[in-house]
**Student:** 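Please read through the structure below; I'll follow up with questions.
Each residue takes its place number in the sequence, starting with 1. No experiment lies behind these values; they were computed from the predicted model shown.
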Amino acid sequence: MQQTAIKNGGRRMSSAVGDTLERLHGRRPLILDGALATELEQRGFDVSGPLWSARVLREHPEAIRQLHLDYLRAGADCLITATYQATYPGLMAAGMNQQQAGELLDRAVELAAEARRLWETDPQRSASRPPALIAASIGPYGAYRHDGSEYTGDYGLNRTQLTDFHRERIERLAGSGADLLACETIPSLLEAEALLPALADVPEMPVWLSFSCRDSGHTCHGEPIAACGQLLDEVKQVVAIGLNCTAPQFVEPLIAQLRETTNKPIVVYPNSGERWDAQRRCWIGTADSDEFARAAMRWRGAGASLIGGCCRTRPEHIRRLAAAFASGDM
């Protein structure tokens with residue numbers, strides 16, 4: 001990655017990230033990738049257990065690289081790494097030591113970079129298409145607990161304890177070669193507040209924060225999404241604010257409420273439209289990729305600048321989404 005630095009909001013960052021921030025204000029949004037863990041499960045990999053997708057990262061890294069490449073071929077401009085549930089405590093509980101856990105975090109970023117290099121030499125790739133970005137995923141504390149609390153934010157921890165939990169992984173991934181950090185599926189305002197001191201330790205690393213939301217106006221924990229936008233609006237390191245792992249029907253009103261408190265780019269990557277039935281332990285509903293692309297055009301019209309998919313979205317969703325924005329006919 002070229003490291004020529006440019007100024008942006010008092011920071012210095014790589015030219016690739018600076019170019020991307022300029023693209024956020026262009027006609028076409030930045031296209032994110034889709035689901036990782038649920039797509040790996042669709043492909044036959046076991047993502048059960050506390051490590052979730054990090055289990056595949058550890059046991060079948062080639063599958064992670066292939067999925068990254070498939071998303072690039074589908075039209076993604078940004079890859080999100082397989083580190084959502086790869087935490088130091090979780091990996092060490094699975095038998096790794098601290099050094100091995102850190103090396104696995106680095107490996108996740110390397111796999112995305114390898115996929116990017118493969119795509120850059122692919123004859124199907126347009127020479128005019130900018131290089132893809134790599135966003136290192138930082139999941140919430142509840143993902144480590146693997147008990148569903150990532151969708152409530154009810155941890156029983158204070159802000160300092162949450163900051164301490166996140167700090168080491170943030171520091172490692174900030175030095176891994178990723179272009180930016182993606183603090184995602186954040187269920188509460190408290191956890192967002194806790195992330196900020198840890199992020200401040202790596203001030204030159206751009207980051208987006210995206211919240212999981214339970215309805216058209218609130219985080220999963222219950223705070224108004226507008227309060228989240230207000231909290232982050234003055235944090236220069238935060239280059240985009242938004243939502244993910246949220247039902248698609250809530251996206252437009254959530255964007256509108258964020259727009260009331262921030263002029264920063266808005267990032268949205270909701271679920272497919274299916275929902276998880278905990279009693280039957282299966283996904284129900286539909287996940288039509290054409291409808292997802294039509295909805296994405298509305299999200300763009302509402303003000304989103306980074307658009308992709310979360311749980312149960314597949315490369316076909318990203319392909320349809322990218323094609324819709326390229327043609328402008330949806």
**Student:** Among all residues two or more places apart in sequence or in another chain, which pass the side-chain contact (heavy atoms from CB on, under 4.5 Å) test with Glu184?
**Tutor:** Ile80, Tyr84, Ser137, Ser210, Asn244, Tyr269

**Student:** Any ion pair linking Lys264 and Asp233 (charged N to carboxylate O, less than 4.0 Å)?
**Tutor:** no

**Student:** Please examine the side chains of Arg43 and Leu67, heavy atoms only from C-beta on, and report whether any two atoms are closer than 4.5 Å.
**Tutor:** yes

**Student:** Which residue in the set Leu258, Leu231, Leu209 passes side chain to side chain contact (heavy atoms under 4.5 Å, CB included) when paired with Ile241?
**Tutor:** Leu258

**Student:** Kindly indicate whether the side chain of Ser53, heavy atoms from C-beta on, has any atom under 4.5 Å from the side chain of Phe45.
**Tutor:** no

**Student:** Go through the steps for Ile138 and Ile170 under the test side chain to side chain contact (heavy atoms under 4.5 Å, CB included), then give the verdict.
**Tutor:** CA-CA 7 Å; Ile138 307 287; Ile170 284 174; 4.0 Å; yes

**Student:** Is Arg73 salt-bridged to Glu316, cutoff N-O under 4.0 Å?
**Tutor:** no

**Student:** Can you confirm whether Leu173 sits close enough to Ser176 that some side-chain heavy atom of one is under 4.5 Å from a side-chain heavy atom of the other?
**Tutor:** yes

**Student:** Test ring-ring contact (aromatic ring centres under 6.0 Å, His included) on Trp119 and Tyr71 and set out the steps.
**Tutor:** CA-CA 10 Å; Trp119 175 234; Tyr71 277 123; over 10 Å; no

**Student:** So Ile307 and Leu30, do their side chains get closer than 4.5 Å, heavy atoms only?
**Tutor:** no

**Student:** Walk me through it: do Val238 and Trp208 pass the test side chain to side chain contact (heavy atoms under 4.5 Å, CB included)?
**Tutor:** CA-CA 5 Å; Val238 175; Trp208 81 59; 5.8 Å; no

**Student:** Apply salt bridge (Lys or Arg N to Asp or Glu O under 4.0 Å) to residues Glu59 and Arg55 and explain how you reach the verdict.
**Tutor:** CA-CA 6 Å; Glu59 298 176 357; Arg55 176 176 178 177; 3.5 Å; yes

**Student:** Given the rule in the side chain to side chain contact (heavy atoms under 4.5 Å, CB included) test, do Arg320 and Asp288 qualify, once you have shown the distances and angles that lead to the verdict?
**Tutor:** CA-CA 10 Å; Arg320 293 298 299 124; Asp288 183 80; over 6 Å; no

**Student:** Decide yes or no for Leu72 and Leu79: does some side-chain heavy atom of the first lie under 4.5 Å from some side-chain heavy atom of the second?
**Tutor:** yes

**Student:** Would you say Glu62 and Gln66 are linked by a side-chain donor-acceptor pair, where the criterion is simply a distance under 3.5 Å?
**Tutor:** no

**Student:** Is the shortest side-chain N to carboxylate O distance from Glu120 to Arg117 below 4.0 Å?
**Tutor:** no

**Student:** Can you get from Val235 to Met205 by hopping between Ile, Leu, Val, Met, Phe, Trp and Tyr side chains that sit under 4.5 Å apart?
**Tutor:** yes

**Student:** When Tyr155 is tested against each of Glu150, Arg145, Glu191, His221 for side chain to side chain donor-acceptor pair (under 3.5 Å), which residue passes?
**Tutor:** Glu191

**Student:** Before we go on, tell me: are the rings of Trp52 and Tyr144 under 6.0 Å apart, centre to centre?
**Tutor:** no

**Student:** What I'd like to find out is whether the side chain of Met297 reaches to under 4.5 Å of the side chain of Phe325, using heavy atoms alone.
**Tutor:** yes

**Student:** Is it the case that the side chains of Glu260 and Gln230 hold a donor-acceptor pair, with the cut-off being a distance below 3.5 Å and no angle test?
**Tutor:** no

**Student:** Got a salt bridge between Asp122 and Arg125, using NZ or NE/NH1/NH2 to carboxylate O under 4.0 Å?
**Tutor:** no

**Student:** Walk me through whether Leu195 and Ile186 qualify under side chain to side chain contact (heavy atoms under 4.5 Å, CB included).
**Tutor:** CA-CA 10 Å; Leu195 281 160; Ile186 306 304; 3.7 Å; yes

**Student:** Is there a side-chain contact between Leu91 and Thr87, using heavy atoms and a 4.5 Å cut-off?
**Tutor:** no

**Student:** Salt bridge between Glu114 and Arg107, side-chain N to carboxylate O under 4.0 Å?
**Tutor:** yes

**Student:** Look at the side-chain heavy atoms of Ile, Leu, Val, Met, Phe, Trp and Tyr, link any pair under 4.5 Å apart, and say whether Leu162 and Tyr151 land in one connected group.
**Tutor:** no

**Student:** Heavy-atom distance under 4.5 Å between the side chains of Gln237 and Val202, does that happen here?
**Tutor:** yes

**Student:** So, His317 side chain and Arg314 main chain: donor-acceptor pair closer than 3.5 Å or not?
**Tutor:** yes

**Student:** Quick one: sort the Tyr141 and Phe165 rings into parallel, tilted or perpendicular, breaks at 30° and 60°.
**Tutor:** perpendicular

**Student:** Main chain of Gly217, side chain of Asp215: is a donor-acceptor contact present, judged purely on distance under 3.5 Å?
**Tutor:** yes

